[in-house]
Amino acid sequence: MNIIKIIIAGPRGRMGREAVNLVMNTEHFELAAVLDHKYEGMMLSDLEGFQAVSNVPVYTDIEKCLQDTEADVLIDLTTPEVGAYHAKTALNYGVRPVVGTTGFTTEQLQELAELCSEKELGCIIAPNFAIGAVLMMKFSQMAAKYFHDVEIIEMHHDHKLDAPSGTAVKTAEMISAVREMKRQGHPNEKETIEGARGADYNGMHIHSVRLPGLIAHQQVMFGSDGQTMTIRHDSYNRASFMSGVKVAVETVMKQNTFVYGLENILD
Ligand code: NAP
């Protein structure tokens, strides 16, 4: 198998650290450089927790990083403010983005999709790289054909910046594609405290819980006469996302299109 040269943006983050481990421990992956917003000119091994990683430069300027490094793939695990810019710049330099960063707007996703077709390059954006979470979304879509009343409850650690989570939005989109449109709850219901019924997506409701101690969890609750059904997925640590990141890096090298969602690349 050919070696895939990779840049990781956000290496000191919780996801970034797992991604560094993944790349270092995968025979056909090579860590070419990392992109941070500090520590320009240092080596990754100078930073806390990376002493064992040799010969990986740290860049703060993405253009310089892409010019100096003959990379194939950029893995972005940063923040919604910079992630879309990183992906766009990578595509402009002929580097394929694999993006785990969540919170992009529809316009940003659209722009990236257009840039991919213009450049004829692959790009994979997945709001959830956990394979179990992808199955939860697929099973929820199956169930929504038969259960039209559904509430999504997503639960994350309290450092998460965006709400609702990318996974919850993606689940709602997938359900909407098959669910008969229905405005749920009593037609005259009133919130006595604002936000009590959560966000409204095509008449179904999404609730975001933020608590220390949580990682990434979601349950999709369906109800109909006399029965409820709950589909739930829990990620207990960030290593749970890495098998999906690995599949995405391998797949993006064979693709020339924009893909949103890991479910679209799993057989
Ligand atoms: P995190 O621990 O806060 O890590 C983000 C990292 O990005 C930090 O090290 C931060 O540095 C760095 N950063 C900020 N601005 C940067 C820039 N301009 N260039 C390079 N690095 C920059 O967050 P996390 O938990 O790892 O999550 C990262 C992203 O992945 C979030 O969007 C999160 O929602 C998403 N996520 C996705 C999945 C998935 O399966 N797709 C799973 C979990 C999380 P400082 O700390 O110095 O600011």
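Order of appearance sets the numbers: ligands from 1, and atoms from 1 within every ligand.
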Checklist line | Location of contacts on Ala126 toward ligand 1, heavy atoms closer than 4.0 Å | finding: backbone
Notebook entry, point to check: Should one rank Thr102, Asp162, Val58, Leu161 by closest heavy-atom distance to atom 32 (O) of ligand 1, which comes out on top?
Noted result: Thr102
Checklist line | Ser240 side chain to Asn237 backbone, donor-acceptor under 3.5 Å | finding: yes
Item checked: Contact atoms of ligand 1, heavy-atom distance to Asn128 under 4.0 Å -> 39 (C), 40 (O), 41 (N)
Margin query: Between Asp68 (side chain only) and Cys65 (backbone N and O only), is there a donor and an acceptor less than 3.5 Å apart?
Written below: no
Check: Considering only heavy atoms, does Leu35 approach ligand 1 within less than 4.0 Å through its side chain, its backbone, both, or neither?
Finding: backbone
Check: For atom 9 (O) of ligand 1, which protein heavy atom lies nearest, and how many Å away is it?
Finding: Gly13 N, 3.2 Å
Note to self: Less than 4.5 Å apart, side chain to side chain, heavy atoms only: is that true for Leu31 and Val20?
What the structure shows: yes
Next item on the list: Verify, without hydrogens or angle tests, whether His205 (side chain) and Arg197 (backbone) share a donor-acceptor contact under 3.5 angstrom.
Entry: yes
Next item on the list: Quick one: look at Val82 and ligand 1, take heavy-atom pairs under 4.0 Å, and tell me if it's side chain, backbone, both or neither.
Entry: side chain
Notebook entry, point to check: Is there a donor-acceptor pair closer than 3.5 Å between any side-chain N or O of Arg17 and the backbone N or O of Arg12?
Noted result: yes
Notebook entry, point to check: Heavy atom of Ala9 under 4.0 Å from ligand 1?
Noted result: no
Next item on the list: Identify whether the distance between the nearest side-chain nitrogen and carboxylate oxygen of Lys246 and Glu250 falls below 4.0 Å.
Entry: yes
Item checked: atom 3 (O) of ligand 1 [closest protein heavy-atom partner, distance rounded to 0.1 Å] -> Arg14 NH2, 3.4 Å
Check: Are any of the heavy atoms in His157 under 4.0 Å away from ligand 1?
Finding: no
Check: Does the distance from a Lys or Arg side-chain N to an Asp or Glu carboxylate O, for Asp72 and Arg96, drop under 4.0 Å?
Finding: no
Item checked: Protein heavy atom at shortest distance from atom 29 (C) of ligand 1 -> Thr78 O, 3.3 Å
Next item on the list: Could you establish whether Pro127 and ligand 1 come within less than 4.0 Å of each other, counting only heavy atoms on the residue side?
Entry: yes
Check: Who's closest to atom 13 (N) of ligand 1 heavy-atom-wise, of Arg238, His37, Lys38, His159?
Finding: His37
Next item on the list: Check each atom of ligand 1 against the heavy atoms of Leu77 and keep those under 4.0 Å away; list them by number with element.
Entry: 5 (C), 6 (C), 7 (O), 28 (C)
Check: For ligand 1, which part of Phe129 has a heavy atom less than 4.0 Å away: the side chain, the backbone, both, or neither?
Finding: both
Next item on the list: Look only at the side chain of Gln184 and the backbone of Val150, and say whether a donor-acceptor pair between them is shorter than 3.5 Å.
Entry: yes
Checklist line | ligand 1 atoms in contact with Lys160 (distance to a heavy atom under 4.0 Å) | finding: 34 (O)
Notebook entry, point to check: Testing His233, Arg232, Glu151 for side chain to side chain donor-acceptor pair (under 3.5 Å) with Gln219, which one passes?
Noted result: Arg232
Notebook entry, point to check: Which residue owns the protein heavy atom closest to atom 44 (C) of ligand 1, what's the atom, and how far is it?
Noted result: Met15 CG, 3.6 Å
Margin query: Quick check against the 3.5 Å criterion: does Glu40 have a side-chain atom that pairs as donor or acceptor with the backbone of Thr60?
Written below: yes
Note to self: Can you tell me which portion of Ala133 lies within the under-4.0 Å heavy-atom range of ligand 1? Options are side chain, backbone, both, or neither.
What the structure shows: neither
Check: Just which atoms of ligand 1 are under 4.0 Å from any heavy atom in Arg12?
Finding: 9 (O), 11 (O), 45 (P), 47 (O)
Check: To which protein heavy atom is atom 35 (C) of ligand 1 closest, and what is the distance rounded to 0.1 Å?
Finding: Gly100 O, 3.5 Å
Check: Do Glu154 side-chain atoms and Ser165 backbone N/O form a donor-acceptor pair below 3.5 Å?
Finding: yes
Note to self: Below 30° counts as parallel, above 60° as perpendicular, anything between as tilted: where do the rings of His217 and Tyr236 land?
What the structure shows: perpendicular
